[in-house]
Amino acid sequence: QVQVVESGGGLVQPGGFRRLSCTPSGRIFSIKTMGWYRQVPGKEREWVAEIYGDDITNYADSMKGRFIISRDNANVAYLQMNNLKPEDTAVYYCKAFADGVDYWGKGTLVTVSS
């Protein structure tokens, strides 16, 4: 009975910005790591960023300097996406690692287009 829900997707112009949210719920006692991934139709899911604990972050090379991952005290994770490019268009997924298990959301679509 664990659920992870992403929100904040939508249409954004190239060079624009968007902020995604990931809200876990259910019987999760301790979330160690939160991560963001993305996937386009017909392609493999790609790792975007992760946050370990309160402030230890890592990013894929193409996101460095543009994306920022963070989390709040309620275990909600965020992905601030800046200077978006058309190639950033994808369904963005959130993953919570808790109690030895990965929990995935169903994704939120971000479309970068003029």
Side-chain angles (χ1 to χ4, degrees):
Q1 294 297 106
V2 176
Q3 189 175 36
V4 177
V5 179
E6 305 93 338
S7 63
L11 178 64
V12 60
Q13 190 173 223
F17 57 90
R18 199 80 177 181
R19 184 174 182 252
L20 307 182
S21 300
C22 172
T23 304
S25 63
R27 295 185 65 82
I28 301 176
F29 299 101
S30 180
I31 300 177
K32 181 69 68 174
T33 304
M34 301 287 288
W36 285 97
Y37 298 74
R38 68 186 186 185
Q39 188 172 27
V40 300
K43 292 196 173 184
E44 191 174 358
R45 189 169 296 183
E46 176 188 22
W47 173 68
V48 173
E50 66 182 4
I51 182 166
Y52 176 83
D54 293 332
D55 54 11
I56 307 300
T57 60
N58 291 290
Y59 300 90
D61 288 342
S62 62
M63 291 79 179
K64 291 180 180 177
R66 297 193 301 126
F67 290 7
I68 302 171
I69 188 171
S70 62
R71 65 191 296 179
D72 64 17
N73 293 330
N75 289 320
V76 178
Y78 304 93
L79 185 68
Q80 177 66 48
M81 305 183 294
N82 302 310
N83 191 25
L84 285 163
K85 305 173 182 179
E87 52 263 42
D88 293 320
T89 297
V91 177
Y92 284 74
Y93 297 90
C94 179
K95 185 188 76 174
F97 178 70
D99 303 325
V101 180
D102 287 334
Y103 299 96
W104 289 90
K106 295 182 178 179
T108 184
L109 176 63
V110 176
T111 302
V112 185
S113 177
S114 59

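Keep in mind that the numbers below use all heavy atoms, side chains included, and drop hydrogens, waters and symmetry copies.
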| task | Give the C-alpha distance, both sets of side-chain angles, the deciding distance and a yes or no for side-chain contact (heavy atoms from CB on, under 4.5 Å) between V91 and Y37. | result | CA-CA 8 Å; V91 177; Y37 298 74; over 6 Å; no

Report task. Before giving the answer on side-chain contact (heavy atoms from CB on, under 4.5 Å), spell out for R45 and W104 the whole-Å C-alpha distance, their side-chain angles and the decisive distance to 0.1 Å. Result -> CA-CA 12 Å; R45 189 169 296 183; W104 289 90; 3.1 Å; yes

Test V110 against M81 for side-chain contact (heavy atoms from CB on, under 4.5 Å), laying out the working first. CA-CA 10 Å; V110 176; M81 305 183 294; 3.8 Å; yes

Discussion item. With side-chain contact (heavy atoms from CB on, under 4.5 Å) as the criterion, how do S62 and E87 come out once you've worked through the C-alpha distance, each side chain's angles and the decisive distance to 0.1 Å?
Written reply: CA-CA 10 Å; S62 62; E87 52 263 42; over 6 Å; no

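Within the model, atoms OG1 of T57 and CG of D55 stand 8.0 Å from one another, a figure rounded to the nearest 0.5 Å. With values rounded to the nearest 0.5 angstrom, L109 atom CG is found 7.5 Å from T89 atom OG1. Atoms CG and OG1, from D88 and T111 in turn, are 11.5 Å apart once rounded to the nearest 0.5 Å. Between S30 atom OG and F97 atom CZ the span is 10.0 Å, to the nearest 0.5 Å. Note that OH of Y59 and CD1 of I51 are 7.0 Å apart. Values are rounded to the nearest 0.5 Å. Q80 contributes atom CD, which lies 10.0 Å from atom OG of S21 (distance to the nearest 0.5 angstrom).
Side-chain N or O atoms of N82 include one that pairs as donor or acceptor with a backbone N or O of R66 at under 3.5 Å. A donor-acceptor pair is defined here as one N or O able to donate and one able to accept, closer than 3.5 Å; such a pair exists between the side chain of R18 and the backbone of G8.
Pairing each heavy atom of T108 with each of G9, the nearest pair is OG1-N, 3.1 Å. Here the shortest heavy-atom pairing between M34 and I69 reads O-CD1, 3.7 Å. Contact record, Q39 with K43: NE2-O, 2.9 Å, taken as the closest heavy-atom pair. Closest non-hydrogen pair, A96 versus V4, comes out as CB-CG2, 4.3 Å.
Residues F67 and V112 are members of one and the same hydrophobic cluster, defined by side-chain heavy-atom contacts under 4.5 angstrom among Ile, Leu, Val, Met, Phe, Trp and Tyr. The hydrophobic clustering, which links ILVMFWY residues whose side-chain heavy atoms are closer than 4.5 Å, places L79 and M63 together. Both Y103 and I31 belong to a single network of hydrophobic side chains, linked directly or stepwise wherever heavy atoms of I, L, V, M, F, W or Y lie under 4.5 Å apart. Cluster annotation: V48 and V12 are assigned to the same hydrophobic cluster (Ile/Leu/Val/Met/Phe/Trp/Tyr, side-chain heavy-atom contacts under 4.5 Å, transitive).
Side-chain contact between V2 and P24: absent, with no pair of heavy atoms (C-beta onward) separated by less than 4.5 Å.
The residue from E50, K95, E6 that alone fulfils the side chain to side chain contact (heavy atoms under 4.5 Å, CB included) condition with W36 is E6.
The closest side-chain donor-acceptor pair between Y52 and N58, if any, does not fall under 3.5 angstrom.
The pair K64-D61 meets the salt-bridge criterion, with a side-chain N (NZ, NE, NH1 or NH2) lying under 4.0 Å from an Asp/Glu carboxylate O.
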